[in-house]
Amino acid sequence: MLDIRLIRENPDLIKQRLANRSGDFAPIVDEVLAIDITRRTAETERQKLQSDRNRISKEIGIAKKNGQDTSAIETEVRGIGSRIDEIGFEADAADVRQRDLLLGIPNLPHDACPVGHSAEENPEIRVWGTKPCYDFQPKDHTVLGQALGMIDFEAGAKITGSAFVVYRGTGARLERALINFLLDLHTTQHGYTEISPPLLVKPECLVGTGQLPKFGDQVYHCPEDDLYLIPTAEVPVTNLHREEILKAEQLPVQYAAYTPCFRREAGSAGLGTRGLIRMHQFDKVELVKITTPETSMAELESLTANAEKVLQLLGLHYRIIELCTGDIGFGSAKTYDIEVWAPGQGTYLEVSSCSTFGDYQARRMNLRFKDAEGKNRFCHTLNGSGTALARLFVALVETYQQADGSILIPEALRSHFGAEKIG
RNA sequence: GGUGAGGUGGCUGAGUGGUCGAAAGCACAUGUUUGCUAAAUAUGCGUAGCCUUAACAGCUACCGAGGGUUCGAAUCCCUCCCUCACCGCCA
């Protein structure tokens, strides 16, 4: 959520910076400005009337104590009360409307975010490793995995539906080994505290991180309890500190959480995403940081480096893409995507998206810290996958496939997996 | 799910209709004093909104949440949430 004061004082600057995103938000900004005036006018009037009523009510109390008749003055105050109700209704309605509008405005792209219109303009920042060469035609993970009995799409479709998968045998074991490998790496080497959160959250948590109200069609909802299945651990973990005022010395907060993620992927059907690449449910280890405004940009670099370390240790070729203003997420101020090479696909797969949200999420969830001067300020929040499991699974299986269809397990993963190869 | 007891400021804890944003204590901050640690003493010490300002100040709201009664609610009524205890059920 953007600061209404900033919008009020620099409307043109705000519009200009939002114009670099995809979508036209100038009309919403104008509506916010108009409703802001309505709201404040009504609020001021209400407060004046409340002040009058408070003063007169006190006088009534004193008069009654002295045994005086107060019926006339009580009638007068009753009139003030009904006016307060009327103007208050107006003020509250404007307040709700203003907040709704503000929740629909995306974050301002950071100055360091490259300007561009679409994904084609995302600059490549760096590349690690090289594409592996094979003296045979590398196979797709669905072919390899199904031949080895690791993954079963038919079973997933049978018990739940399409885009759900059953891992079995060595497939399930590989998934579990990867989860443990990732959590161990981030908690013991990178200083993150492990979190295992609920997978169902209240709507206000999704508002806090930005999925609601605008992207409600992408999350699974349990209407009887008004709870949502998390689309990413970012939601429960960042919201751990919602409505809190942290002490400056607590920062940065660093959490690593493994959770399944649930996404409806509405509108994504038939987009040529075969196999494990786009599922309604997938595992992910998420990294979340809560920082001061001064350190967030440096923390984004270290967060990204922490995620990259995963691929380096597993020996998987990848590249870092920086998202341009036309392609960054709704709440993001600056984002790096990590894309791993999948030989069977002949393409790079996004396995991590590392973003700083500035104070955008913190405002939505009222997450603050007390600075050295004792002032309460909004924190900055960051998160990135460290990493998504299903696509990591794909890259691993496809990269380490052998001519005979077996899969070699990279050195770093062997102690977690408990074997050197599959098949 | 049932019954009972509770939810007040960072913490403890008063307050059952009237100048209560809320006593007191602790913690914290600052000053003073006894040449240090410590003690004593004074002052300050919640969050947000509105209106203003060079700054201060002022006003309004907030005592789990939301409604209601009233001229006036932390205090009375209703609904809900949470915590604790016991019972039932259960991985």
Side-chain angles (χ1 to χ4, degrees), chain A residues 1-9 32-103 196-208 212 222-228 236 239-251 253 259-260 359-379:
Chain A
M1 191 160 68
L2 300 183
D3 184 359
I4 181 60
R5 288 199 193 89
L6 194 67
I7 297 177
R8 199 185 289 154
E9 286 158 22
V32 165
L33 288 166
I35 204 83
D36 186 47
I37 291 167
T38 306
R39 185 190 117 252
R40 288 190 295 154
T41 305
E43 185 61 28
T44 303
E45 176 65 12
R46 164 157 69 177
Q47 293 188 357
K48 187 192 158 295
L49 291 169
Q50 283 174 326
S51 179
D52 290 346
R53 181 175 68 182
N54 288 348
R55 181 173 44 76
I56 296 170
S57 288
K58 278 180 186 174
E59 287 168 8
I60 291 173
I62 293 165
K64 281 202 164 171
K65 228 170 229 170
N66 297 337
Q68 295 166 355
D69 175 52
T70 56
S71 52
I73 198 166
E74 278 179 36
T75 307
E76 183 199 331
V77 179
R78 215 167 283 140
I80 297 180
S82 53
R83 281 169 64 204
I84 289 175
D85 288 344
E86 286 165 29
I87 197 82
F89 180 81
E90 199 178 305
D92 290 343
D95 191 60
V96 167
R97 178 67 184 148
Q98 183 175 63
R99 184 173 165 80
D100 284 349
L101 289 168
L102 285 172
L103 289 175
S196 183
L199 307 181
L200 287 163
V201 293
K202 298 177 180 182
E204 51 263 42
C205 291
L206 287 154
V207 171
L212 286 180
C222 307
E224 299 218 332
D225 304 289
D226 199 17
L227 292 173
Y228 293 82
N239 277 283
L240 280 174
H241 296 290
R242 63 177 295 108
E243 308 279 348
E244 288 185 11
I245 301 174
L246 300 172
K247 296 191 178 86
E249 55 268 30
Q250 284 177 264
L251 304 176
V253 169
T259 68
D359 63 8
Y360 186 82
Q361 291 182 327
R363 281 183 193 281
R364 293 171 78 107
M365 64 177 76
N366 201 21
L367 164 57
R368 293 166 295 169
F369 73 102
K370 207 172 270 292
D371 71 10
E373 281 84 51
K375 266 191 69 177
N376 295 330
R377 299 167 64 197
F378 287 106
C379 299

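These numbers come from a predicted model, not from an experiment. Residue numbers begin at 1 in each chain, while the letters A, B, ... track the order of the sequences.
- Residues passing the side-chain contact (heavy atoms from CB on, under 4.5 Å) test with A/Ala248, sequence neighbours excluded: A/Phe369.
- Shown here are the side-chain contact (heavy atoms from CB on, under 4.5 Å) partners of A/Gln98, two or more places apart in sequence or in another chain: A/Ile4, A/Val32, A/Ile35, A/Asp36, A/Arg39, A/Leu102.
- Here the separation of B/G46 from B/A27, taken at their C1' atoms, is 14 Å to the nearest Å.
- Protein atom NZ of A/Lys202 is 7 Å distant from nucleotide atom C1' of B/C81, rounded to whole Å.
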Between the protein and nucleotides 49-51 of chain B, list every N/O to N/O distance that falls short of 3.5 Å.
{"unit_1": "B/G49", "atom_1": "O3'", "unit_2": "A/Arg39", "atom_2": "NH2", "d": "3.2"}
{"unit_1": "B/G49", "atom_1": "N2", "unit_2": "A/Gln47", "atom_2": "OE1", "d": "2.6"}
{"unit_1": "B/G49", "atom_1": "N2", "unit_2": "A/Gln47", "atom_2": "NE2", "d": "3.2"}
{"unit_1": "B/C50", "atom_1": "OP1", "unit_2": "A/Arg39", "atom_2": "NH2", "d": "2.6"}
{"unit_1": "B/C50", "atom_1": "O3'", "unit_2": "A/Thr44", "atom_2": "OG1", "d": "3.3"}
{"unit_1": "B/C50", "atom_1": "O2'", "unit_2": "A/Thr44", "atom_2": "OG1", "d": "2.8"}

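- Across residues 84-91 of chain A, not one residue has a non-hydrogen atom less than 4.0 Å from an atom of RNA chain B.
- A straight line from CD1 of A/Ile245 to P of B/G10 spans 8 Å, rounded to a whole angstrom.
- Straight-line distance from the CD atom of A/Glu244 to the P atom of B/G10: 12 Å, rounded to whole Å.
- B/G18 and B/U12 have their C1' atoms separated by 28 Å, with the value rounded to a whole Å.
- Applying the side-chain hydrogen bond (donor to acceptor under 3.5 Å, both in side chains) rule to pairs touching residues 81-92 of chain A yields A/Arg46-A/Asp92, sequence neighbours excluded.
- Remark: P of B/C81 and CG of A/Leu227 are 12 Å apart, rounded to the nearest angstrom.
- For A/Lys48, the salt bridge (charged side-chain N to carboxylate O under 4.0 Å, His left out) test picks out A/Asp52, with sequence neighbours left out.
- With sequence neighbours left out, the side chain to side chain donor-acceptor pair (under 3.5 Å) criterion links A/Asp371 to no other residue.
- Put simply, NZ on A/Lys375 is 18 Å from P on B/C45, counting in whole angstrom units.
- Remark: A/Arg242 pairs with no residue by the salt bridge (charged side-chain N to carboxylate O under 4.0 Å, His left out) rule, at least two apart or across chains.
- One finds a side-chain N or O of A/Lys370 lying less than 4.0 angstrom from the OP1 or OP2 phosphate oxygen of B/U47.
- No side-chain heavy atom of A/Phe378 sits less than 4.5 Å from a side-chain heavy atom of A/Leu367.
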What does the B/S/- profile of nucleotides 61-78 of chain B look like, 5' to 3', with a 4.0 Å heavy-atom cutoff to protein? S---------BS------
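- Looking at residues two or more places apart in sequence or on another chain, you find a side-chain contact (heavy atoms from CB on, under 4.5 Å) between A/Asp226 and A/Pro203, A/His221, A/Tyr228.
- Contacts of A/Glu76 classified as side-chain contact (heavy atoms from CB on, under 4.5 Å), with partners at least two apart in sequence or in another chain: A/Ile56, A/Ile73.
- Stem analysis of RNA chain B (at least three stacked-register Watson-Crick or G-U pairs, each with both distances under 3.5 Å) gives B:1-7 with B:81-87, B:10-12 with B:24-26, B:28-32 with B:40-44, B:46-50 with B:58-62, B:64-68 with B:76-80.
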